[in-house]
Structure formats: C-alpha cells, structure tokens
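See below for the structure under consideration.
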Amino acid sequence: MPMKIGENNPGYSTEYLEKVQSKAEPVKKMEKQINGNLIPVPKDEYISSEKSGNKPSGLYRMGQDDNGNPKVLYDDPKKAEKKSATGKAEECITNTDEVDRKIEKLKEKKRQIEQQIQAETDENKVKELKKKLAQVEAELSQKNNDTYRRQNAVVIGVNK
C-alpha cells in the first residue's frame, strides 16, 4: 500500500516522534558553564588525514596470500619511513672466484698427497706426508664454508 509523506495515516503513529522532539535540548544547553563562563562542548567531526597533516598510524588493504586466498595486509608506516630515509635498497655485488680457486687448489693438493701416501713405501716419508695432509685438511675445512667465502669475497660494485 503506497503511503504519501506528510499525509495523516490512521495506521501510522507519530507519538514517539513528538515525544523525542519535545525532549530535545535547545542548542544553548550544548554549552558547559565553568566558573560562570559558558564554554561550548566540543563536537566530534571527521578531519581527513590530508587536511590534518598527520600521517596515519597504519594502512590496511586487501591482498592475497601464497595460496591465492584473501588476506588483510598491513603497511607499517615506520618501515616505509626507514626505506625512504635510506633511499632504495642497496645491492652489493661480490665475486668469490678467487676464494673458490684457492679452495680448488687445496683440494687438488689433498688428492696429490693422498696419492703420494698410497705410493710411498718409506715409513718416515709416509709420516711427513700424513702431517702435510692433516695441515691441508685443516686449512680446507677452515676455508671451505660460506662464512669464509663472504669474508674474503671481492666487492665488484654497489647498486643503488
């Protein structure tokens, strides 16, 4: 059944509206009286972040996880400030060829000593060769790892 606005309808009661309007406070009561002075009560209002000049504390956005499912992502402004302060991330290009060559030489020296030990018949020479082999193995175990490679790599350039 269509109903026109502003029309008196016997089935529609306006008692509640009239009751609320009669209890409404006048605008003057929206002020507080402190020490005999009237002070207006602050009102809540929306101020956009652009107008206020304050940066938001964080931004949320919809994204996808590794499986393609919807996910809420948080962009931390503190991380963004760190990135902008340092500029772009720097990439350091290094070359480990020289270190790798040294390791290969040590491995080859180890193989040669092992062959000499197998071929040698004199006990005194075998003992000397075993001492040399132990030294080469110790040096090889010290140098044949990622930490040593990183520490002794040659820096080619830095990309910004």
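Both backbone and side-chain heavy atoms feed into the values below; hydrogens, waters and symmetry mates do not. Along the sequence shown, residues are numbered consecutively beginning with 1.
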Please name the pair of heavy atoms, one in Glu120 and one in Leu129, separated by the smallest distance, quoted to 0.1 Å. CB-CD1, 4.4 Å
For Lys143, does the NZ atom have more than 12 heavy-atom neighbours from other residues, nucleotides or ligands under 6.0 Å away? yes
Charged N to carboxylate O under 4.0 angstrom, Glu128 versus Lys131? no
Applying the 4.5 Å side-chain criterion to the ILVMFWY set and letting contacts propagate, would Tyr74 and Val72 be lumped into a single cluster? yes
How far does CD1 of Ile156 sit from CD1 of Ile93, to the nearest 0.5 angstrom? 6.5 Å
Quick one, Asn144 and Lys107 - any side-chain contact, counting heavy atoms below 4.5 Å? yes
State the CD-CD distance between Glu137 and Glu139, to the nearest 0.5 angstrom. 12.0 Å
Listed by chain and number, what are the side-chain contact (heavy atoms from CB on, under 4.5 Å) partners of Lys71, not counting sequence neighbours? Asp65, Leu73
Show the nearest heavy-atom pair for residues Ala153 and Thr94, with the distance to one decimal. CB-CB, 3.9 Å
Can you tell me how far the CG atom of Leu140 sits from the CD atom of Glu104, to the nearest 0.5 Å? 9.0 Å
Between atom NZ of Lys109 and atom NZ of Lys132, what is the distance when rounded to the nearest 0.5 Å? 7.5 Å
State, to 0.1 Å, how close Val136 and Leu106 come at their nearest heavy-atom pair, and which atoms those are. CG1-O, 3.6 Å
Please give me the minimum heavy-atom distance between Thr96 and Arg149, naming the atom from each residue. CG2-O, 3.9 Å
